[in-house]
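Below is one structure, written out as structure tokens; the observations come after it.
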Amino acid sequence: MASLSTPLISLPRHPNSSSPSFSTDLRLSSHPALSLIDQCTSIKQLKQVHAQMLRTGALFDPYSASKLITASALSSFSSLDYARQVFDQIPQPNVYTWNTLIRAYASSSDPAESILIFLEMLDHCSECPDKYTYPFAIKAASELRALQVGRGFHGMAIKASLGSDIYILNSLVHFYGSCGDLDLARRVFVKTPKKDVVSWNSMITVFAQGNCPQEALELFKEMEAENVKPNDVTMVSVLSACAKKVDLEFGRWVCSHIQRNEIKENLTLNNAMLDMYVKCGSVEDAKRLFDRMPEKDIVSWTTMLDGYAQLGNYEEAWRVFAAMPSQDIAAWNVLISSYEQSGKPKEALAVFNELQKSKSPKPDEVTLVSTLAACAQLGAIDLGGWIHVYIKKQVMKLNCHLTTSLIDMYAKCGDLDKALEVFNSVERRDVFVWSAMIAGLAMHGQGRDALEFFSKMLEAKVKPNAVTFTNVLCACSHTGLVDEGRTFFYQMEPVYGILPGIKHYACMVDILGRSGNLDEAVELIEKMPIPPTASVWGALLGACKLHGNVVLAEKACSHLLELDPRNHGAYVLLSNIYAETGKWDEVSGLRKHMRDAGIKKEPGCSSIEVNGSVHEFLVGDNSHPLCKEIYSKLDEMALRLKSNGYVPNKSHLLQFVEEEDMKDHALILHSEKLAIAFGLISLSPSQPIQVVKNLRVCGDCHSVAKIISKLYDREILLRDRYRFHHFRDGHCSCNDYW
DNA sequence: TTAGGGTTAG
């Protein structure tokens with residue numbers, strides 16, 4: 001670094017360019033320094049010019065000082081810390097100088113600093129913020145989604161008679177939109193006197209990104225009607241709206257419109273077109289475009305990869321992955337998240353392992369969110385916990401996404417205390433964090449606590465959304481809180497402004513049906529303003545099974561099968577109701593129908609994680625390497641159960657069994673029992689046995705697990721399709737209400 | 001010498 005005592009600056013020539021020689025004596029005047037600033041290609045060169053300017057007193061000249069600030073803050077080799085140091089050496093910065101610093105921080109990773117500098121400017125600058133200052137400051141507020149701060153700037157701009165400056169107004173449209181206040185954004189837009197193309201683009205973008213793609217497209221048509229010529233930026237947002245609306249037809253029209261109107265295609269626009277095709281499900285269109293694109297970047301490749309992965313064409317997806325010039329973390333994330341979201345959590349974890357082995361790139365928060373979701377699906381708490389430690393070791397900030405995923409993972413893996421610990425450890429809790437915690441408590445049968453958290457959430461002024469209410473109603477359903485459930489359900493729209501959706505109706509039918517209020521449940525279904533779906537009839541059918549109501553069950557089942565003719569769960573439930581009530585002709589009739597139609601019961605499958613690896617068991621499974629030991633443990637269990645006076649519940653035995661010859665052993669061979677037996681032989685007595693089952697736990701297995709927990713003095717945690725059962729000392733946390 | 005709007009993974 002140049003020191004102030006260096007008498008003459010002499011820099012080496014840049015090897016590959018004709019960069020200027022710095023062997024000029026800068027003491028002669030400030031002008032050569034200024035022209036040299038423009039030619040600097042590194043921070044080192046800039047520092048030398050800076051040193052010289054300090055010596056010549058050039059920083060007293062506001063124009064020269066500004067040039068230096070611009071180069072330090074905004075050039076390709078800029079460093080904000082350095083820019084700030086330079087700034088502090090300028091005796092009297094003018095508005096331009098302040099603006100430059102505010103601008104640089106506004107688009108940096110630390111936009112809050114931009115706002116602090118704005119406030120400093122008010123105190124220390126003799127001039128007021130001008131028409132250039134506000135767009136930068138408003139941009140910083142947008143980045144921070146700081147609604148109140150931005151509103152403050154808006155008010156100040158009006159007071160400074162800058163209220164109709166088009167640059168400021170356009171920034172404000174963008175700002176209100178990014179804070180989620182589409183209404184205010186629109187109001188500013190409407191009041192903008194002479195809208196230019198940027199005004200329209202800003203408003204279209206706000207709609208496209210604010211989940212109002214239809215409004216975005218309508219505004220685009222309005223823009224055309226007003227004879228404002230759209231440009232490439234307009235088309236990017238319009239394409240993004242088409243993608244969100246999944247409107248391939250309009251998307252294709254937009255692409256041809258781009259060509260007809262000779263809007264210059266650039267990389268960003270091509271990528272937006274690619275994205276639209278992929279989101280609208282036409283990977284063929286995407287491929288055709290991709291092949292003719294003159295320039296491709298990592299976004300183009302990742303979008304193609306995503307296109308194949310979303311369609312489940314993993315062969316092609318992996319081919320794209322291998323062909324990409326480099327695999328950045330986004331590419332890995334596409335694979336992990338598409339596996340996770342299409343119900344292939346094991347494949348998701350395998351990709352995560354590959355990523356770990358490859359050493360680079362490093363997982364980012366998106367990777368961890370998807371991987372945690374895969375762990376949650378599998379109940380793989382060892383890996384999930386490892387990721388938690390990894391986050392701490394990397395000193396990654398727990399943002400709300402990660403917090404939500406951790407809470408969800410711990411809750412779904414059975415460790416509610418850990419989930420609560422994560423919840424309590426964070427300062428910021430958005431609606432997703434609260435909702436995940438409420439869901440966690442609900443699935444563990446702690447309905448009253450869940451409702452208490454809901455109250456605390458309201459106290460914390462966090463607005464509940466539709467998901468929150470699904471979880472709250474779920475809590476009521478699992479704990480049998482019928483009156484509370486009814487109250488929340490009927491408060492949703494009038495008090496919280498959330499229209500009950502299909503999931504809320506299904507939950508409510510479940511609450512009412514499960515508690516025996518079958519008539520009220522039917523009445524609710526009949527009064528639904530939206531057509532009931534299979535899940536609503538399924539909830540009613542489940543309630544009928546619980547209360548042995550054959551007539552209503554048949555009605556619910558026929559509605560269900562009308563909507564979803566291949567719903568094996570419906571057949572199994574009805575068949576079991578018939579079996580319990582001794583209607584054997586109906587049972588065999590149903591089974592024949594299933595056989596003829598080729599509908600198979602989803603096989604029960606239980607998994608258990610031991611020492612970080614997941615073991616899976618099907619009914620009567622004998623494929624496990626420790627099969628012999630598992631079966632001798634099962635025999636021992638059966639003996640001990642028998643000597644304790646346990647009699648298997650015959651009605652479960654008579655229920656739906658896929659293979660006839662398995663009937664005799666079916667009960668003792670249920671997958672959850674195999675998994676428990678394996679847990680007993682492979683885990684130490686202090687470790688809880690944690691089993692995840694893909695279907696609802698069978699009644700006999702539920703009773704057996706209770707007794708085993710007492711006989712063997714073991715804690716058993718069983719997660720079924722709907723909730724958790726904690727077995728301890730002969731009792732279950734669900735209090736047999738499930 | 002300064003300004004506003006755009007594409008990828010949850």
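Below, all heavy atoms of this structure are taken into account, side chains as well, without hydrogens, waters or symmetry copies.
Nucleic acid contact for A:D297: none, since no nucleic acid atom lies under 4.0 Å from a heavy atom of the residue. No contact: A:Y134 has no heavy atom under 4.0 Å from any strand. At a threshold of 4.0 angstrom between heavy atoms, the contacts of A:N270 with the nucleic acid are absent. Here A:S171 lies in heavy-atom contact (under 4.0 Å) with sugar-phosphate atoms only. Residue A:I166 is in base contact, counting any heavy-atom pair closer than 4.0 Å across all strands shown. Looking at heavy-atom distances under 4.0 Å, A:N266 makes contact with a base. Residue A:S202 is in sugar-phosphate contact alone, with no base atom involved, counting any heavy-atom pair closer than 4.0 Å across all strands shown. Within the nucleic acid shown, A:Q341 comes within 4.0 Å of sugar-phosphate atoms alone, with no base atom in reach, counting heavy atoms only. A:N99 comes within 4.0 angstrom of a nucleotide base, judged by non-hydrogen atoms across all strands. Counting any heavy atom pair closer than 4.0 Å across all strands shown, A:H401 reaches a base atom.
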Intermediate values then yes/no, side chain to side chain contact (heavy atoms under 4.5 Å, CB included), A:S199 and A:I166: CA-CA 8 Å; A:S199 317; A:I166 190 142; 3.7 Å; yes

Verdict with supporting geometry, A:T303 and A:V334, side chain to side chain contact (heavy atoms under 4.5 Å, CB included): CA-CA 9 Å; A:T303 308; A:V334 164; over 6 Å; no

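Put simply, CE on A:M276 is 15 Å from P on B:dT7, counting in whole angstrom units. Whole-Å rounding puts the A:L101 CG to B:dT2 P distance at 17 Å. Counting to the nearest Å, the C1' atom of B:dT1 and the CG atom of A:L36 are 17 Å from each other. At whole-Å resolution of the value, CG in A:L34 and P in B:dT1 are 12 Å apart. Atom CZ in A:F207 sits about 15 Å away from atom P in B:dG6, given to the nearest Å. If you take CG of A:D364 and P of B:dG10, they are 11 Å apart, rounded to a whole angstrom. Whole-Å rounding puts the A:I168 CD1 to B:dT2 C1' distance at 13 Å. One interatomic measurement links the two molecules: NZ of A:K244 to C1' of B:dT8, which rounds to 12 Å at whole-angstrom precision.
Contact of A:Y96 with B:dT1 (side chain to base): a donor-acceptor pair of N or O atoms is detected under 3.5 Å.
The ring of A:Y339 has its center closer than 6.0 angstrom to the ring center of A:Y314. The ring of A:F175 has its center no closer than 6.0 angstrom to the ring center of A:F153.
Comparing B:dA3, B:dT1, B:dA9 by their nearest atom to the side chain of A:S337 picks out B:dA9. You'll find that the side chain of A:N271 is closest to B:dT7, out of B:dA3, B:dG10, B:dT7. Checked against B:dG6, B:dT2, B:dG10, the side chain of A:D130 finds its nearest nucleotide in B:dT2. Residue A:T205 places its side chain closer to B:dG6 than to any other of B:dG6, B:dG10, B:dT8. For A:S370, counting side-chain heavy atoms from C-beta on, the closest listed nucleotide (B:dG10, B:dG6, B:dA3) is B:dG10. The side chain of A:V366 has B:dG10 as its nearest neighbour among B:dG10, B:dT2, B:dG6. With distances taken from any side-chain atom of A:D165 to the nucleotides B:dT7, B:dA3, B:dA9, the minimum falls on B:dA3. Between B:dA3, B:dG6, B:dA9, one nucleotide has an atom nearer to the side chain of A:P135 than all others, and that is B:dA3. Here the side chain of A:Y132 is nearest to one of B:dT2, B:dT7, B:dG10, namely B:dT2.
In this structure, A:Y167 counts as stacked on the base of B:dA3 under the 5.5 Å centre distance and 30° plane angle limits.
Regarding contacts with the backbone of B:dA9, every side-chain N or O of A:Q310 stays at 4.0 angstrom or more from both OP1 and OP2. Taking side-chain N and O atoms only, A:K279 has a distance below 4.0 Å to OP1 or OP2 of B:dT8.
Salt bridge status for A:E316 with A:R319: present, with a side-chain N to carboxylate O gap under 4.0 Å.
With hydrogens and angles disregarded, no donor-acceptor distance shorter than 3.5 Å links the side chain of A:R428 to the backbone of A:C400.
Using cut-offs of 30° and 60° for the angle between ring planes, the A:W98 and A:H124 rings count as parallel.
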